[in-house]
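Here is the structure we will look at.
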Amino acid sequence: MSALTPVQIKEANAHLAALHHRVAELESTVREQAESLIRKDEQYRAAVREIADSRDREIFELQKRLTQSEEVEQRLIASIKEKDIELDRLRHHSHLLAQMCRSRPVLDALVSVMVEAEGVTSLPTSEECNGLPKVPDYPQSEDDLDSDIEKTLFGTTV
């Protein structure tokens, strides 16, 4: 083997020292970058945690609002059912009132006849017809009744 000259040894030592220095710089850079990555990772994890927490809070709030909306919906449906029942009842009452209004002329005529009959202390004696005494203006047959009803119904209604 050949012997190395002192200049070669110095150059080799300088080269090794430069390599050693460069390795130390690179190790320092790697360490700094690793620490930076760890810090960024922690920051990103915290940001992701905050986003997830925010999302969870928003989901909870939306579920709460949905539940409240469903409760309001159920109350409104129940109210509609109650109002439908009330509406049916009022329609029935309206139908009855309409029938009463259509029957009013007949009832008015009946009431006036009853008032007149109450005012008479005794009825005149006369022959019996169909088991009833013959009284003027008192119809004795169905034909007479029908004509009176027609006069009452169609003569006084609008």
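Numbers for residues simply follow the sequence, beginning at 1.
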task = Keeping the roles fixed (side chain from E35, backbone from E32), state whether a donor-acceptor pair exists under 3.5 Å.
result = no
inquiry  = Show, in sequence, the C-alpha distance, side-chain angles and deciding distance for V106 and L110, and conclude whether the side-chain contact (heavy atoms from CB on, under 4.5 Å) test is met.
reply    = CA-CA 6 Å; V106 174; L110 178 62; 5.5 Å; no
Criterion side-chain hydrogen bond (donor to acceptor under 3.5 Å, both in side chains) against H95, the qualifying member of R91, Q99, H92 = Q99
query = Checking salt bridge (charged side-chain N to carboxylate O under 4.0 Å, His left out) for the pair E86/R89: CA distance, chi angles, key distance, verdict?
reply = CA-CA 5 Å; E86 180 68 12; R89 188 182 68 79; 2.5 Å; yes
inquiry  = Donor-acceptor check, side chain of S28 to backbone of A24, threshold 3.5 angstrom: yes or no?
reply    = no
ask   = Taking side chain as C-beta onward, heavy atoms only, is V72 less than 4.5 Å from R75?
value = yes
Q43 CD to I38 CD1 distance, which is reported to the nearest 0.5 Å = 12.5 Å
query = Are the side chain of T29 and the backbone of E25 linked by a donor-acceptor contact shorter than 3.5 Å?
reply = yes
task = List the atom of P105, the atom of C101, and the distance in Å for their closest heavy-atom pair.
result = CD-O, 3.7 Å
message = Evaluate H15 against E11 for side-chain hydrogen bond (donor to acceptor under 3.5 Å, both in side chains), listing each step before the verdict.
response = CA-CA 6 Å; H15 182 71; E11 285 178 0; over 6 Å; no
request  = Using the salt bridge (charged side-chain N to carboxylate O under 4.0 Å, His left out) rule, take K81 and D84 through it: C-alpha gap first, then chi angles, then the decisive distance, then the call.
outcome  = CA-CA 5 Å; K81 286 180 182 177; D84 283 345; over 6 Å; no
key: Residue of the set R57, R55, R45 for which salt bridge (charged side-chain N to carboxylate O under 4.0 Å, His left out) holds with E50   = R57
ask   = From S94 OG over to M100 CE, what is the distance, rounded to the nearest 0.5 angstrom?
value = 11.0 Å
ask   = P6 versus K10: any side-chain heavy-atom pair under 4.5 Å?
value = no
ask   = So how far is it from L107 CG to M114 CE, rounded to the nearest 0.5 Å?
value = 10.5 Å
query = Is the backbone of Q63 close enough, under 3.5 Å, to the side chain of T67 for a donor and an acceptor to pair up by distance?
reply = yes
query = Taking atom CG of L90 and atom CG of L96, what is their separation to the nearest 0.5 Å?
reply = 11.5 Å
ask   = Does CD in E70 sit with more than 12 non-hydrogen atoms of other residues, nucleotides or ligands closer than 6.0 Å?
value = yes
message = So R65 and L62, do their side chains get closer than 4.5 Å, heavy atoms only?
response = yes
query = Quick one: CG on D56 to CD on E61, what's the gap to the nearest 0.5 Å?
reply = 13.0 Å
note = Output for pair (F60 CZ, D53 CG), nearest 0.5 Å, gives 14.0 Å
